[in-house]
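First comes the structure, then the notes that go with it.
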Amino acid sequence: MNSIKVSFRLNRKTVDLVVDSRESLLDVLRERLDTTGAKKGCDQGQCGACTVHIDGRRVVSCLTPAVQVAGREVTTIEGVAGPDGELHPLQQAFIDNDALQCGYCTPGQIMSGLACIKEGHTTDDAEIREYMSGNLCRCGCYVGVVAAVRETARKEAGR
Amino acid sequence: MKPFAYTRAESVAGAITALGSPGAQLLAGGTTMYDLMKLRIETPETLVDIQGLKALNYVDHSRPDMLVLGAGARMSDVADNAFVKKNFPAISESLWRAASQQLRNMATLGGNLLQRTRCSYFRGGEPFPCNKREPGSGCAALEGLDRGHALFGGSTSCIATYPGDLAISLLAFDAVIEVAGPKGRRTVPLAQLHVEPGDTPQIEHVLSDDEIIVEIRVPRTPSGRGSTYLKIRDRESYAFALVSAATGLTLARDGSVEDCRIALGGVGTRPIRATAAERSLIGKKVTAATARAAGEIAFAGAKPGHHNAFRIELGIRAVADALQTAKTRAS
Ligand SMILES: Cc1cc2nc3c(=O)[nH]c(=O)nc-3n(C[C@H](O)[C@H](O)[C@H](O)COP(=O)(O)OP(=O)(O)OC[C@H]3O[C@@H](n4cnc5c(N)ncnc54)[C@H](O)[C@@H]3O)c2cc1C
Ligand code: SF4
Ligand code: FES
Ligand code: FES
């Protein structure tokens, strides 16, 4: 076993940890840091349920070796709501637009949606669909997901 | 996963030295490497991490004669680069039509070129025989499900498809890669980077274990502007190509073709340049008939297996459609 000390920021707090070089960021988040929001769907980069942000960009945490986040800023769904628990507008839009059923894919969808809006890949529904295609939903809530992302992007742009 | 030692490289030279230790391999975005390690198909003793090397992460379009891309540049950044979108739409499209935005934020161009096949018998491990994974064990695909397997370049040892998209658009534009190793630097034309399986499908490219791709250079050409990357998939997005075509055109005043580029993806054991099809269009106008004829020439040598012959007609039409898009952009 190869143990490596890593220090990184998780949802604005510093984390110091000794990790095995084999551990994924997803496993470290879920099994050791009590942040179970990011979900394990496939563990092979194919479903998007484990999406988190590293330095503000969306990635899949199942294909991120935990050693690679040393010195970086990780944001998970737990870090999205306001300090008093008030929902982020995109979280509210998911509720308003029925963008979920079982909810398993939802943390990944929201982390991906936040990034999609920030990247500006929300010109029209076709572009939203293309740039949200890395997040699969077994319940088939895609129409609601696109609507929630579209609505939030428009509100943010003041349209 | 097999235990391994991890080192973060601080420079290209440092990475080359670290690669000298036995069983050492590069880690960039990890989206192929770490994935295959989880499946116990890649079993490095040491991983040399170059993801954080800023010296490899750039797009340089200051040169009048070529576009220069750092091997560590992320797929998403290059896809969205304004210069690339305008002057090489095919390259931008081959990037954003690949994988997902999450993966593209992680994955590098160098890693993309050397990604490994998606053949399910290769990825599936035991009990499937696979000459690429375990030389001499046989090939489960030859008599198995070969719907996604290669129409060109297969052998009696392996018919696995090269799955990448970027290499196809780069091949159409005569890209070269710059490689650094213990003996210094050398240049390899992209057309010579990947090799056919023959009797040694475990060998996929001409680089040695301690060489690093540092840069990709693409000669600038008017055909770059008049280009596209058309990718046909089982679903609209986020899937590997059943077949793809990178096309580029330069047209004379009267609309006849002066320069033509056609490369095929998703159908070969390595990226394929359809030179005879390119030649067939020189001096002619791009019409439904000439575009279709070029597609037919491109697929003339295709060797289907049991379940993949439908991709020949699909490919012919993809080439024809991609030529029409290139024509619109070149006009
Ligand atoms: C779910 C999924 C869907 C995908 N869909 C597509 C798709 O549609 N189209 C497509 O093209 N790709 C697709 N990919 C593949 C993906 O694009 C590649 O895995 C990625 O580009 C590899 O880059 P990386 O930086 O992550 O490489 P790594 O995984 O880190 O490395 C890949 C290989 O290249 C070697 N390597 C890395 N960098 C260098 C270098 N600079 N010099 C020499 N060797 C190097 C590594 O040692 C390793 O062998 C998909 C992947 C996944 C997981
Ligand atoms: S086609 Fe190649 S990769 Fe697939 S099982 Fe056969 S030998 Fe292995
Ligand atoms: S669990 Fe990471 S993409 Fe499915
Ligand atoms: S809401 Fe059930 S998987 Fe998406």
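None of the values given here were measured: they were computed from a predicted structure. Sequence lines set the chain letters: A, B, ... in the order given, protein chains first and strands last, and positions in each chain run from 1.
Evaluation of the salt bridge (charged side-chain N to carboxylate O under 4.0 Å, His left out) rule for D125(A) yields R150(A) as partners, not counting sequence neighbours.
The number of heavy atoms from other shown groups lying within 6.0 Å of NZ (K13(A)) does not exceed 12. Residue R317(B) qualifies as open at atom CZ: its count of foreign heavy atoms under 6.0 Å is 12 or below. Atom CZ of R12(A) has 12 or fewer heavy atoms from other residues, nucleotides or ligands within 6.0 Å. For D209(B), the CG atom counts as loosely surrounded, since its 6.0 Å shell holds 12 or fewer non-hydrogen atoms of other residues, nucleotides or ligands.
In this structure, chain B has heavy atoms under 4.5 Å from both the backbone and the side chain of Q46(A). Both the backbone and the side chain of N105(B) have a heavy atom closer than 4.5 Å to some heavy atom of chain A. In this structure, no portion of C116(A) lies under 4.5 Å from any heavy atom of chain B. Only the side chain of H121(A) comes within contact range of chain B, judged by heavy atoms closer than 4.5 Å. Residue contact with chain A, scored on non-hydrogen atoms closer than 4.5 Å, is absent for L47(B). Looking at I54(A), neither its backbone nor its side chain comes within 4.5 Å of chain B, counting heavy atoms on both sides.
Annotation: residues 28-45 of chain A contacts chain B through D43(A), Q44(A), G45(A) [non-hydrogen atoms, separation under 4.5 Å]. Contacts between residues 86-107 of chain A and chain B, defined by a heavy-atom separation under 4.5 Å, are made by no residue at all. The stretch residues 75-94 of chain B places S76(B), D77(B), D80(B) near chain A, each with some heavy atom under 4.5 Å from a heavy atom of that chain.
Between S112(A) and Q101(B), the side chains place no donor N or O within less than 3.5 Å of an acceptor N or O (distance only, hydrogens not considered).
Not one N or O on the side chain of R129(A) forms a donor-acceptor pair closer than 3.5 Å with the backbone of S237(B).
Between N2(A) and A5(B), the shortest heavy-atom contact is ND2-N, 3.6 Å. Smallest separation of non-hydrogen atoms from R22(A) and Y34(B): O-OH, 2.7 Å.
Between chain A and the options M33(B), R97(B), E236(B), K38(B), the largest number of non-hydrogen pairs under 4.5 Å is found for K38(B). By number of non-hydrogen pairs under 4.5 angstrom with chain B, the leading residue of M111(A), M132(A), H53(A), E23(A) is E23(A). Among the candidates T51(A), V67(A), L136(A), the residue making the largest number of heavy-atom pairs closer than 4.5 Å to chain B is V67(A).
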key: S133(A) vs R235(B), side chain to side chain contact (heavy atoms under 4.5 Å, CB included): CA-CA, chis, key distance, verdict   = CA-CA 10 Å; S133(A) 69; R235(B) 57 185 181 203; over 6 Å; no
message = Using the rule given for side chain to side chain contact (heavy atoms under 4.5 Å, CB included), can you reason through L63(A) versus Q102(B), listing the C-alpha separation, both sets of side-chain angles and the distance that settles it, and then say yes or no?
response = CA-CA 10 Å; L63(A) 289 190; Q102(B) 288 96 312; over 6 Å; no
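One distance of note links OG of S24(A) with CE of M1(B); it measures 7.5 Å at 0.5 Å rounding. Interatomic distance, OH of Y6(B) versus CD of Q68(A), reported as 5.0 Å (0.5 Å rounding).
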